[in-house]
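Quick notes on the structure that follows.
In what follows, chains are A, B, ... by sequence order, proteins preceding strands, each numbered from 1.
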Amino acid sequence: LIHGLCRLGNLEEAGRLVKQMVNSGLPLDGITYNTLISGCCKQGKVDEGFKLKDDMVKQGFKSDLYTYNTLIHGLCNKGKMDEARGLWTELKGGGLVPDVHLYSVMMDGYFKASKLEEGKSLFDELVNQKLVLNVVVYNVLIKGYCGVGNMMEAFRLRDEMKAKGINPTVGTYSTLVHGLCGAGRVGEAKALFDEMREENLLPNVVCYTALIGGYCKLGEMENAVSIMQEMTACGVAPN
RNA sequence: GACACCGUUACAA
């Protein structure tokens, strides 16, 4: 129940449930704390999250990777990368080992803060750690390169992940479509839809919207409208 | 007690 309320952003009701638990003599456990911390961070209330972390430690629970990953994610979403890096150092000092979730959170944070080099060096570190790479890590990295207009590297990474047996997702292609459109390369973006279908991926509303945006940016409104009709014909409803 | 299962964290317009 608490998780569901947190996901909906209803921290007030979640808090009421917590009080009810405590009043009934049911102590919170570490997972419940982490759930609440995630709820706070999703609402941008990272400070509240830190208070809960202090509280859970006082109650005898250890902050684990869920705790740190969640708080670091919250900091990254606020662009507070120095503080995120501080927590990263803190968790390592406490004997925790960053996992692939945390690497992707940090990388994404650096890219969103336009710090490509920092994000890329985390990726290199991740590879050297011999942690198992996954599709999210690649999606994040590809987004980083798309964000700086380096489509060459973005596609090289797409090829690299496939070579490693990590299948791109629709999200991977949405990122690439958006990147190409941002560079005005809308024809190539449209051609990507065929590559997707060859990989048995069905373009969704995000992909189509990115492509429509590309045509709009070029002022090719008739093409934009025809894509909207095409998506509808393919059973993808515009939103 | 063992085993199994089991609630919390990351990416796209």
Any side-chain heavy-atom pair of A/R158 and A/K162 under 4.5 Å: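 Yes; the side chains approach each other to less than 4.5 Å.
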Salt-bridge contact A/K53-A/E90 (side-chain N to carboxylate O under 4.0 Å):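 Salt bridge present between A/K53 and A/E90.
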Distance-only polar pair, side chains of A/D124 and A/S121, donor-acceptor under 3.5 Å: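 There is no such pair between these side chains.
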Pair up each side-chain donor or acceptor in residues 33-42 of chain A with any protein partner under 3.5 Å, not counting sequence neighbours, and list the distances.
{"unit_1": "A/Y33", "atom_1": "OH", "unit_2": "A/D55", "atom_2": "OD2", "d": "3.1"}
{"unit_1": "A/N34", "atom_1": "OD1", "unit_2": "A/T67", "atom_2": "OG1", "d": "2.6"}
{"unit_1": "A/N34", "atom_1": "ND2", "unit_2": "A/D64", "atom_2": "OD1", "d": "3.1"}
{"unit_1": "A/T35", "atom_1": "OG1", "unit_2": "A/I31", "atom_2": "O", "d": "2.8"}
{"unit_1": "A/S38", "atom_1": "OG", "unit_2": "A/K42", "atom_2": "NZ", "d": "3.2"}

Distance-only criterion, 3.5 Å: show the donor-acceptor pairs between side-chain atoms of residues 91-102 of chain A and protein atoms not counting sequence neighbours.
{"unit_1": "A/D99", "atom_1": "OD1", "unit_2": "A/N69", "atom_2": "ND2", "d": "3.3"}
{"unit_1": "A/D99", "atom_1": "OD1", "unit_2": "A/H101", "atom_2": "N", "d": "3.3"}
{"unit_1": "A/D99", "atom_1": "OD1", "unit_2": "A/L102", "atom_2": "N", "d": "2.9"}

Where protein sits on nucleotides 8-13 of chain B, one letter per nucleotide: B base, S sugar-phosphate only, - none, heavy atoms under 4.0 Å: BBBBBB
